[in-house]
Engineer: 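Got a structure for you, questions after.
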2 protein chains.
Amino acid sequence: MVRQPAINAQNRAPLSTERIIETALQIVDGQGLSRLTMRRLGDALEVEAMAIYHHLPRGKEQLLDGLVAHVAAAPAAVPAGAADGGWRGALRSWARDYRARLLAHAGVLPLVVTRRNPTALTETVVSLREIMRRGAVTEDAAATAAHTLVGYVIGHCALEVRGTGEDGADRVVDWDARFDAGLDLVLTAAG
Amino acid sequence: MVRQPAINAQNRAPLSTERIIETALQIVDGQGLSRLTMRRLGDALEVEAMAIYHHLPRGKEQLLDGLVAHVAAAPAAVPAGAADGGWRGALRSWARDYRARLLAHAGVLPLVVTRRNPTALTETVVSLREIMRRGAVTEDAAATAAHTLVGYVIGHCALEVRGTGEDGADRVVDWDARFDAGLDLVLTAAG
DNA sequence: ACCTGAACACCGTTCAAGT
DNA sequence: ACCTGAACACCGTTCAAGT
C-alpha cells in the first residue's frame, strides 16, 4: 500500500471548490435554499465552516454564484450538419433539457433569476443565437428569439414550482404538455 | 380641537398591516431584499421589531407573502365591448404594465418567482384566460397561452434585471424594444 | 497551505411584562 | 389591544493561532 495523495491525515478527501459547490447543491435540493448555511455546509463537508473561506474568499456570495453557474450554464448543442428537425428541433430539445435541469434544482431558481452572474446565462444565450444564425435567421430576429425562448423557459419553470392553482384544487394541470404547447408557440413564431 | 383617533399617545400613526407592507416595500426598493430585516423594518416604522408580530403573527414569512401579493396581483382589465386592438391589444397593454410593475420592484422578483403564494398569480392568470375566452379562443388554447404569456413576462424581466451581457461590454441592448418584439411573437402565436 | 477556535455584530422569534 | 425589553438560538465573517 503506497500513500494515497487524495486522502489527508484525517482520512478525509481534501476540500475543493467543486466538492463544496456539489455538497451545497445537495443541501439545497434536499432541504431548501433557506437551510443552506455556512455552518451546516461545513458539517456536511466534515470541516469547520471557516475552512470554506479558504477556497471561496468571497464567502457565501461566491458560494451562491457558484451554484448558479453550476445549474444555469447549459449551452445548446449545435446540431451536426442538417440534423432531423433542423434548428427548431435543436432548440426544442435544448429547452426540454434546460427545463428538466431547472426543475431538478428548483431551490436555486430564485438565485438563477436575480443573481447578477453574467457568465452563467451568457454562454447559453450565445449558443442559442448561434444555432438560429446557422438556420439562416437574421441576426436581429435571432437575438430577440433567444431572449424570448430563455425568458419563456425560466418563467414557465417559475410558474410550475409556484403552482398557480388557477384550476381550483381538484383539476390537475399537465405541466409537461403545457410546457411543450407553449414552447411550440414560441418556436413557431421565431424566425 | 377634538381628538384624532388615528394618532396615538406617542403622536404616531398606529401600525397596520398595510403600512407595514408598504414600508417593507420601500426598504426593498431602496436597499435591496437582503437588507429587509425585522429590526430595520421596526426602525423605519418607529416601533420595536416585536410589535410587527402582533399584526403579522407568522412573522417574516407572512411579510414576504404580503410583498408578493402587493406587487404580483395585477389582473388584466377586460376590454369594454370590442375595444380597439381587440383581446390581443388588451393582453399587450397588460403585459407592458405588468413588466413595468415587476421592474419597478425588481427586489421582490425572486420572491414572486418561487414563493408558493396561490392567490397572488391566480387572479392574474384567470383574468388573462377570461379575456381570451371572450375573444373566442378555445378553453385549452387560452389556458396554454395564459401560462405562456405570464411565463414570458416574468422570465424576460428576470433576464433584464440580471443583464445577460451577451453582446459584450459595449453593445447596449434595447430591452424595451426586445420585450415588445418577443411579446409580439407570443401574442401572434396565441389563439 | 490549509484548517481551527474564539469572538463580533448581527439575525428571527418567544415570552413575560407593561400600558 | 397593542407595544416593549430581555433573552435564546441561531447567522456570516474576521482574525489570530495552530499544523
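On a predicted model such as this, the values are computed, not experimentally measured, just so you know. Each chain gets a letter, A, B and so on, in the order its sequence line appears, and its residues count up from 1.
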Engineer: According to salt bridge (Lys or Arg N to Asp or Glu O under 4.0 Å), who are the partners of A:Asp43, at least two apart in sequence or on a separate chain?
Structural biologist: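 In terms of salt bridge (Lys or Arg N to Asp or Glu O under 4.0 Å), with neighbours along the sequence ignored, A:Asp43 is linked to no residue.
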
Engineer: Contact list please: residues 49-64 of chain A against DNA chain D, heavy atoms, distance less than 4.0 Å, in numerical order.
Structural biologist: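 The stretch gives A:Met50, A:Tyr53, A:Gly59, A:Lys60 as the residues lying under 4.0 Å from the strand, ordered by number.
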
Engineer: For the pair B:Glu61 and B:Arg58, find out whether any cationic side-chain nitrogen is under 4.0 Å from an anionic carboxylate oxygen.
Structural biologist: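 No salt bridge links B:Glu61 with B:Arg58.
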
Engineer: Find the distance A:Leu41:CG to D:dC10:P and express it as a whole number of Å.
Structural biologist: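 Those two atoms, CG and P, are 18 Å apart.
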
Engineer: Specify the separation, in whole Å, of atom CE of A:Met38 and atom C1' of C:dT4.
Structural biologist: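 Computing the A:Met38:CE to C:dT4:C1' distance gives 15 Å.
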
Engineer: Does a side-chain N-to-carboxylate-O contact under 4.0 Å join B:Arg99 and B:Asp176?
Structural biologist: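 Salt bridge between B:Arg99 and B:Asp176, a charged N being under 4.0 Å from a carboxylate O: yes.
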
Engineer: Once you apply a heavy-atom cut-off of 4.0 Å, does B:Arg40 come out as touching a base, just sugar-phosphate, or nothing?
Structural biologist: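 It contacts sugar-phosphate atoms only.
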
Engineer: Once rounded to the nearest 0.5 Å, what's the spacing between atom CG of A:Leu15 and atom CD of A:Glu46?
Structural biologist: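 Nearest 0.5 Å value for the CG-CD distance: 11.0 Å.
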
Engineer: Out of the candidates B:Thr122, B:Leu128, B:Thr124, only one should pair with B:Val126 under the side-chain contact (heavy atoms from CB on, under 4.5 Å) rule; please name it.
Structural biologist: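 Single side-chain contact (heavy atoms from CB on, under 4.5 Å) partner of B:Val126 among B:Thr122, B:Leu128, B:Thr124: B:Thr122.
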
Engineer: Which whole-number value in Å describes the distance from A:Glu46 CD to C:dT4 P?
Structural biologist: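 About 11 Å, once rounded to whole Å.
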
Engineer: Quick one: do A:Asp180 and A:Arg92 make a salt bridge, cutoff under 4.0 Å?
Structural biologist: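 No, this pair does not count.
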
Engineer: Using whole Å, report how far CD1 of B:Ile20 lies from P of D:dC3.
Structural biologist: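 Rounded to the whole Å, the gap is 8 Å.
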
Engineer: Evaluate the ring planes of B:Tyr98 and B:Trp94, with Trp represented by its six-membered ring, and classify them as parallel (under 30°), tilted (30 to 60°) or perpendicular (over 60°).
Structural biologist: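 Correct class here is parallel.
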
Engineer: Indicate yes or no: does B:Glu22 engage B:Arg19 in a salt bridge with an N to O separation below 4.0 Å.
Structural biologist: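 Not counted as a salt bridge, because no side-chain N and carboxylate O are separated by less than 4.0 Å.
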
Engineer: Taking Watson-Crick (N1-N3 plus N6-O4 or O6-N4) and G-U wobble (N1-O2, O6-N3), each under 3.5 Å, can you produce the dot-bracket string of DNA chain C? Use [ ] for crossing pairs and | for inter-strand ones.
Structural biologist: ||.|||||...|||||.||

Engineer: Whole-Å distance between C:dC11 P and B:Glu48 CD?
Structural biologist: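 For the pair B:Glu48 CD and C:dC11 P, the rounded distance is 14 Å.
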
Engineer: Could you state the CZ-P distance from A:Arg39 to C:dC8, rounded to the nearest angstrom?
Structural biologist: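 A:Arg39 atom CZ is separated from C:dC8 atom P by 14 Å.
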
Engineer: Anything under 30° is parallel, anything over 60° is perpendicular, the rest tilted; go ahead and classify B:Phe179 against B:Tyr152.
Structural biologist: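 Plane angle under 30°, so parallel.
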
Engineer: Measure from CG on A:Asp43 to C1' on D:dC10 and round the result to the nearest Å.
Structural biologist: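 Result: 13 Å.
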
